[in-house]
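Residue indices begin at 1 and follow the sequence shown. Values reported hereafter were calculated over all heavy atoms of this structure, with side chains retained and with hydrogens, waters and symmetry mates removed. Order of appearance sets the numbers: ligands from 1, and atoms from 1 within every ligand.
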Amino acid sequence: MWIVPEKEIAGLMTPEAAFDAVESVFAAMARGDAYNFPVVREAIGHKDALYGFKGGFDASGLSLGLKAGGYWPHNHEQGLINHQSTVFLFDPDTGRVSAAVGGNLLTALRTAAASAVSIKYLAPEGASVLGMIGAGHQAAFQMRTALRFGSFDRVIGWNIHPEMLSRLADVASEMGVPFEAVELDQLGQQADVIISITSSFDPILMDAHVSGPTHIAAMGTDTKGKQELDPALVARAALFTDEIAQSLSIGEFQHAAAQKAISEEDVTALGKVINGDHPGRGDAEVTIFDGTGVGLQDLAVAAAVVELAKQQGKAIEVEI
Ligand code: NAD
């Protein structure tokens, strides 16, 4: 099997490769060529950790495997990041493990790629102002990737902890665009595209905040109980997601679904738009992509990185 260490990922994986991998796996999911296995996520009763698996099989890309890992809230005391994961790939023809790949940076890159793919297919025409809600670890990746693939000339941002917004200002200056911290109503009025990526358990962006043609990539809610959007905003938008069942159970749409303000029929897999089987935005004023994060995204970027690592002599081969 091949091992690709976490420390090699930054030098191997490009945002372009992550974007391509995620776009094609969303398309494969919508064609029925790829499916995710049920997610396991458990509080293990040790170190306050949440541990679990996300896995799946892509019959078109021939990726089989899982990402194992989770959230260890006290890791920073040891100088480690709190989210820890490793992707394991298996040979679909024999069942033998074929690779173990550091999953921490890959998770950030595949999550950022998902919102960027949604922006490509769903953003209003001429979108030029990007609004960011959240300023944590993932937010920097989200913003950098959106700026790389979109044509934004200005970024505005809000965070519950305003002192963290300097992270977004740093990314803006690295990418050469102006950044301004704003209140939520200004953000909802001015932004053409909004990315939310927080660990909030209460709605942040309310229906009344948002006006005009807007695309929202809601990326923070990946667990039961988390929430970033007002269900009334969800109820009036055209809804898209990576995986419908997951969006209604652990994603942002869980809340509007629990209130019976939306049902499964109201939500479209983004892959359908990618495949040309759904028009996407159409005449909707607000579109929302609920990026819940699926195992197949992890497998897609991990498979891509293994190939790059082998080509560049950075993969370690071991007998198992
Ligand atoms: P982080 O801890 O680095 O940052 C958390 C962010 O949320 C900060 O901006 C913080 O100010 C804000 N925040 C914290 N508590 C809040 C509250 N009560 N109300 C409003 N905002 C609050 O975390 P991160 O690594 O940037 O991850 C952000 C979120 O994205 C988490 O919920 C994480 O689970 C989720 N995530 C989703 C995916 C996916 O595929 N969808 C992938 C990775 C992470």
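Between F149 and F19, the ring-plane angle classifies as parallel under the 30° and 60° cut-offs.
Of all protein heavy atoms, the one closest to atom 30 (O) of ligand 1 is I197 CD1, 3.4 Å. When hydrogens are left out, the protein atom nearest atom 5 (C) of ligand 1 is S199 OG, 3.5 Å; that is the closest non-hydrogen contact. Of the protein's non-hydrogen atoms, the one nearest atom 4 (O) of ligand 1 is G136 CA, 3.3 Å. Looking at atom 17 (C) of ligand 1, its nearest protein heavy atom turns out to be S200 CA, 3.8 Å. Among all non-hydrogen protein atoms, the one lying nearest atom 11 (O) of ligand 1 is H161 ND1, 2.7 Å. If you check which protein heavy atom lies closest to atom 26 (O) of ligand 1, you get Q138 N, 2.8 Å. Taking atom 39 (C) of ligand 1 as the reference point, the nearest protein heavy-atom neighbour is T111 CG2, 3.6 Å. The closest protein non-hydrogen atom to atom 29 (C) of ligand 1 is T198 O, 3.3 Å.
Listed by number with element, the atoms of ligand 1 under 4.0 angstrom from any heavy atom of K226 are 31 (C), 32 (O), 33 (C), 34 (O). Every atom of ligand 1 with a heavy atom of D222 under 4.0 Å away is listed here by number and element: 33 (C), 34 (O), 35 (C), 36 (N), 37 (C), 38 (C). Ligand-side atoms of ligand 1 in range of A135: 9 (O), range being under 4.0 angstrom from any heavy atom. Atoms of ligand 1 lying under 4.0 Å from any heavy atom of T292, numbered from 1 in the order shown and given with element: 39 (C), 40 (O), 41 (N).
No salt bridge links E125 with R281; every basic N to acidic carboxylate O contact stays at or beyond 4.0 Å. With respect to the salt-bridge test (charged N to carboxylate O, under 4.0 angstrom), the residues E16 and R148 qualify.
Under a cut-off of 6.0 angstrom, the local environment of NE2 in H46 is sparse, with at most 12 non-hydrogen atoms contributed by other residues, nucleotides or ligands. Other residues, nucleotides and ligands contribute at most 12 non-hydrogen atoms within 6.0 Å of the CD atom of E183.
Screening I160, I197, L184 for a side-chain contact (heavy atoms from CB on, under 4.5 Å) involving I133 leaves a single residue, L184.
Polar contact with ligand 1: absent for T107 (N/O pair, distance under 3.5 Å). Distances between N or O atoms of M219 and those of ligand 1 include at least one value under 3.5 Å. Considering backbone and side-chain atoms alike, I204 places every N or O at 3.5 Å or more from each N or O of ligand 1. Checking only distances, G134 never comes within under 3.5 Å of ligand 1, N or O to N or O.
Of all non-hydrogen atoms in Q312 and G11, the two that sit nearest each other are OE1-O, 4.3 Å.
Using a 3.5 Å distance cut-off with no hydrogens or angles, the side chains of D242 and T292 do pair a donor with an acceptor. S200 and D202 share no side-chain donor-acceptor pair at under 3.5 Å. Side-chain atoms of T107 and K67 form a donor-acceptor pair, as typed in the model, at a separation below 3.5 Å.
Distances from ligand 1 to the non-hydrogen atoms of R110 include at least one value under 4.0 Å.
Between I194 atom CD1 and E228 atom CD the span is 11.5 Å, to the nearest 0.5 Å.
Atom 9 (O) of ligand 1 is approached by the protein to below 4.0 angstrom, counting heavy atoms only.
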